[in-house]
Amino acid sequence: MTRRDLLQILSTAPVSVGMALAGGGGGGRRDRSDGRVTIRYMAWGNPEQIAVERRIAREFEKRNPGIRVHLFMVPGSAYADKLQLMLASRTAPDVMRADRYYFPALARKNYFLPLEPLIAPEKPGFLNDFLPIAVDEGRWNGTLFGMNVLFGPVMIYYNRALFEKAGLPDPYKEHKRGRWDWENFIGSAQALTRRDAAGRATVFGSTVPTFPQYVSVLWNHGGSLTDPNITRLTLAEDAGAIRGMQRFVDMRWKERVAPTPADSALSAFTFESGKIAMHWGWAGESPRFRKNIKDFEWDIVPTPSGPAGNATVVKGNQLVIHRESEHPEESWEFIKFMTGPEAEMLLYGELRRAVPTRRSVLRDPAYLRANLPPYQTDVFLESVQRGRTLPIDWRYQEWAQEFNSALEPLMNVEQGSKDAGAALARAAARANRILGGEEGF
Amino acid sequence: MNGRDEQMKRVGVFVMLLFGASLFSIPFLWTVSTALKTNQQVFAVPPEWIPRPPQWNNFQRAWTELPFPTFVVNTVIITIISVIGQVFSASLVTYGFARFKFKGRTVLFYLMLSTMMLPSQVTMIPVFLLWRELRLIDTFAPLTVPAFFGGGAFTIFLLRQFFMTIPKELDEAAMIDGASPLVIWWRVLLPLSRPALITVVLFSFLGHWDDFMGPLIYLNSMEKYTVAVGLRMFQDMFGPQLELLMAASLIHILPTILVFFVAQRYFIKGIALTGLKG
Amino acid sequence: MAESPDVAKAQGAVALPRSTPREQTRARRASFLQSPNFWGYFFISPWLIGFLIFTAGPMLASLYLSFCKYDLYQLQWVGTKNYEILLTRDPLFWKSLGNTALYVLFSVPLGLTGSLLIALLLNQKVKGMAWFRTLFYLPSLVPAVASALVWQWVFHPDAGILNYSLSLIGIQGPKWLQDPDTALASLIIMSLWGIGGGRMIIFLAGLQGISDELYEAASLDGARGWASFRHVTLPMLSPTIFFNLILGIIGSFQVFTSAYVMTNGGPDNATRMFVLYLYDNAFRYFKMGKASAMAWCLFVLLLVFTVIQFKNASKWVYYEGGEKE
């Protein structure tokens, strides 16, 4: 008997006794009588996303008549809570999507099935077609637990109409000419910002990148967030990181070309409403923009390069198999199909909310051809090539929360000090207390 | 008090009511007004309180984007079953606590109250394990069955406070007439505590109608989801489209407004004590 | 315990009608069936059974967890270490407890008084009362999802209705939710918007129970207005006030949703409430043991509060049913 069973016994003792007395009990979960195996798959997403995943599941069932996929969707904002509850109570579905932010924390607990033994029977070099950076996100301590889906970079969405109105050159063309750097970006943001007679902004040049999107800005100014093994946050001792941080904080509080939290409360300034000229966003936001933007042209451009390069944050989600799944092979078949060329083409060519993880699909002209915005699909390709993964460890959620709340006076509070160096010193000290502290209890 | 004073008092009360009601309904009016706007109008400066033309089709869009009719049926089933269970079992339990001096009453009463004092976040997993053990995950049972077991400390304590204001002589008189405690519960206490029971019905209805966490964790199939879960999915999808979100929220609360409007009718002076004056 | 017939004979001159053992058992059973012990347990049995099945186990489990390191996967007994860390080394524990205490200190008395005043107002006989009651109740009906947005609008520093109203009387309003100095106050104000809600309804129901005869009698004694309120309404309403006070304290100490949806504890932890921090530990930092220890700290605090309130209640709570706390 493990300690874990003890918790189980403690909380369910009365019921177990009652069931024993009633001669109750009964076998495990059985499949339905038609002999097909049912695997349960849990994910979150918007209606377009759900529709595409449902189509993929149907397509998969057609090819694998012996397997049925029971897809269930959970509200995104409560997904993590439900996932953890199901994992802790061993009721988790066979296959689930896990966000990168908490994937290491879950993988560390042995909740997931290692994938290598399932991959072994596949053709040699099965993983070679995948982008190494995407595959690596699915590893924990060297073991592969998840296959990457909905992978994508941080990019800049821009409102072409506002650029034309301001008489600015198209940023994509500037980028092609090798001139899309921070000076150019800030200059454009200033020229794009419009104010009314009272001095109040009616259009903002840009949004401020949020955490962890802005880690790429730190990189591009020669800094980094943590040391390589994520044992402590180093950015406060890092002139490059401080410079990068100050650069975009000033956009909001000094140059005032980006909305403050008060400005953007209640979605008063959104890219969709045409009141933001440039928006730092994830690839996943494009279906929403496609659906909601009707009255102006928009497209994408990579994040501007800084004095120390142009590395871009990339991030995906992981498709994982529950360790206690009764159908590991069938589950792997499903994951294989979800990350296979056909599904990737459906998921990314059509929905275009993420970037394929297979190089063959990423370079496929059929994928790059677009009849709906964003048209400049080579930006996806290029951003992934500059891609760098975020330093996310199993305690990320806790130290990131502490770090961000300590940075709020700098980032979000009007009257807070706007000295990035001092604020980072304070925030890093608080986060490092957690990273250096004893194990979580 | 002469007629003139009475008149003055009424006018004063009316003015205060009018002032308070307008103050308190501002957020709601804003919700209604937003639900009838186009996305452009939502952020128009200065704000337009009466959108022209009103976008009634926001409600239609909100209603059809997710299978809301199914969600409504599920929510109605869960709510009705729970309300019935809660009112009956809570009033029974309360009668026991309020009228019988049994051994261990004080300790048990504190024990009952104490169940409210532990934040549910830490009992969530053990409770979930229990329902898993009963093989009732993805059914309505975890959401409805507990209502039949006393209906929760809040309800019992609330009813107890009311039961204890009912003079004991009334039960005693019935007892002398040979009525059993069950009859007294049904014939004396329940009719006399009608405002309190209506309050319990109202709270129980609102609580189950709005419950998000319960359905979220116990239900897995979308065809079993409730309106509150649907609303949250909706929020995740249409976060920046306030007009749709507000329309969906209004659809969600419309039944609760109706229930409140009907229930409050019973809070009229005089009804409570008809039994006493007869 | 029945005496033997021999003894009875030896004792017995006059044969009194004596009960047989079986009759005695029956009589005892009958008297048990009429005893408060039987009926009390009979009536509370739904709760008692439910408590034993659904609540006792999970509560004990969480108590056990509070002495463990439990990351939702492995369980390891660590003794009182969670409590030690919380009480001696965790600044956020004290910060969140302080925030919450401040919140309780303001929102409970203000909310209680406000609800009572509104209930008195809504208990009058005025035309269209159904509408007034509904309008006052409306803010509590708006679902959290929508009300979060409503409140962002109310507190908006430039476009919000609150600062707009303040500007009409020449006051430059603060940044409310965006300012660490006013964020907690904003949440308190937000809680007061609910004074027309549940608590008010309970008061209203309580007011219904006060017999008109009492007011008539008081008025014959010359008590009107304030005196009648002071000597009739308040004592008769005291059980309801007591209920709302106890529940107000328990509920406010567990405030979660408003902080979760409005500020998520910010800015700079100014609105990090106790249960919000507990929730983060349980479901985001995978520290269920620590979260359970926090829960039991709160539990003990609330239990002590409540027991003291009950002990005090006999001084001011009046039950017409004649019982004392």
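Here is the naming used below: chain letters follow the sequence lines, and residue numbers restart at 1 for every chain.
Contact annotation for C:Leu278: only side-chain heavy atoms (C-beta onward) come within less than 4.5 Å of a heavy atom of chain B. Heavy-atom distances place both the backbone and the side chain of C:Leu121 under 4.5 Å from chain B. With a 4.5 angstrom heavy-atom cutoff, C:Val307 touches chain B via backbone and side-chain atoms both. Using a 4.5 Å cut-off between heavy atoms, C:Ser292 contacts chain B through both its backbone and its side chain. Contact of B:Thr256 with chain C is made through backbone and side chain together, with heavy-atom distances under 4.5 Å. Only the side chain of C:Phe42 comes within contact range of chain B, judged by heavy atoms closer than 4.5 Å. With a 4.5 Å cut-off on non-hydrogen atoms, B:Leu231 touches chain C through its side chain but not through its backbone. The parts of B:Leu118 that come within reach of chain C are both its backbone and its side chain, each placing non-hydrogen atoms under 4.5 angstrom from that chain. With a 4.5 Å cut-off on non-hydrogen atoms, C:Leu138 touches chain B through its side chain but not through its backbone. Both the backbone and the side chain of B:Met112 come within contact range of chain C, each with at least one heavy atom under 4.5 Å from a heavy atom of that chain. When heavy atoms are compared at a cutoff of 4.5 Å, B:Leu250 does not approach chain C at all. In this structure, chain C has no heavy atom under 4.5 Å from any part of B:Phe128. For B:Met246, the part lying near chain C is the side chain, with the backbone staying farther off; criterion is any non-hydrogen pair under 4.5 Å. Neither the backbone nor the side chain of C:Leu301 comes within less than 4.5 Å of any heavy atom of chain B. The part of C:Phe51 that comes within reach of chain B is its side chain, from C-beta onward, which places non-hydrogen atoms under 4.5 angstrom from that chain. Interface remark: B:Phe203 contributes side-chain atoms only to the contact with chain C (heavy atom separation under 4.5 Å). Only the side chain of B:Ile253 comes within contact range of chain C, with at least one heavy atom under 4.5 Å from a heavy atom of that chain. B:Leu182 touches chain C through backbone and side chain together, each having a heavy atom under 4.5 Å away. Contacts between C:Phe256 and chain B at a heavy-atom distance below 4.5 Å involve the side chain alone, from C-beta outward.
Salt bridge status for C:Asp71 with C:Lys287: absent, with no side-chain N to carboxylate O gap under 4.0 Å.
When each of C:Val300, C:Leu141, C:Val126, C:Leu135 is scored by its heavy-atom pairs under 4.5 Å with chain B, the top score falls to C:Leu141. Between chain B and the residues C:Pro139, C:Ala130, C:Gly198, the largest count of heavy-atom pairs under 4.5 Å involves C:Ala130. Comparing B:Gly150, B:Ser89, B:Pro146 by heavy-atom pairs within less than 4.5 Å of chain C, the highest count is held by B:Gly150. Between chain B and the residues C:Gly128, C:Gly40, C:Gly50, the most heavy-atom pairs under 4.5 angstrom are made by C:Gly40. Heavy-atom pairs under 4.5 Å with chain C peak, among B:Ser22, B:Ala21, B:Ala248, at B:Ala21. If you tally non-hydrogen atom pairs under 4.5 Å between each of B:Ala196, B:Gly151, B:Gly96 and chain C, the highest count goes to B:Gly96. Taking chain C as the reference chain and counting heavy-atom pairs below 4.5 Å, the highest number among B:Ser25, B:Ala263, B:Ala153, B:Pro27 is found for B:Pro27.
The aromatic rings of C:Phe253 and C:Phe305 are tilted relative to each other, their planes meeting at an angle between 30° and 60°. Ring pair B:Trp185/C:Phe43 is tilted by interplanar angle, where 30° to 60° counts as tilted. Ring geometry, C:Tyr137 versus B:Phe260: the interplanar angle falls under 30°, so the pair is classed parallel (tilted spans 30 to 60°).
Judged by distance alone, the side chains of B:Gln86 and B:Thr155 do bring a donor and an acceptor atom under 3.5 Å apart. With 3.5 Å as the limit, one finds no donor-acceptor pair spanning the side chains of C:Asn281 and B:Gln121.
Residue B:Leu159 forms a side chain to side chain contact (heavy atoms under 4.5 Å, CB included) with just one option from B:Thr199, B:Val93, B:Thr94, and that option is B:Thr94.
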Would you tabulate the side-chain donor-acceptor contacts of residues 237-249 of chain C under 3.5 Å, counting partners in other chains and residues two or more places apart, or write 'none'?
| from | atom 1 | to | atom 2 | distance (Å) |
| --- | --- | --- | --- | --- |
| C:Ser238 | OG | C:Pro235 | O | 2.6 |
| C:Ser238 | OG | C:Tyr318 | N | 2.8 |
| C:Thr240 | OG1 | C:Leu237 | O | 3.2 |
| C:Asn244 | ND2 | C:Arg199 | O | 3.4 |

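For the salt bridge (charged side-chain N to carboxylate O under 4.0 Å, His left out) test, residues two or more places apart in sequence or in another chain that qualify with C:Arg284 are C:Asp280.
B:Arg160 forms a cation-pi arrangement with B:Phe109, by the criterion of a distance under 6.0 Å to the ring centre and an angle within 45° of the ring axis.
Residue-environment remark: OH (C:Tyr41) exceeds the threshold of 12 foreign heavy atoms within 6.0 Å.
C:Trp131 has its ring centre less than 6.0 Å from the ring centre of B:Phe261.
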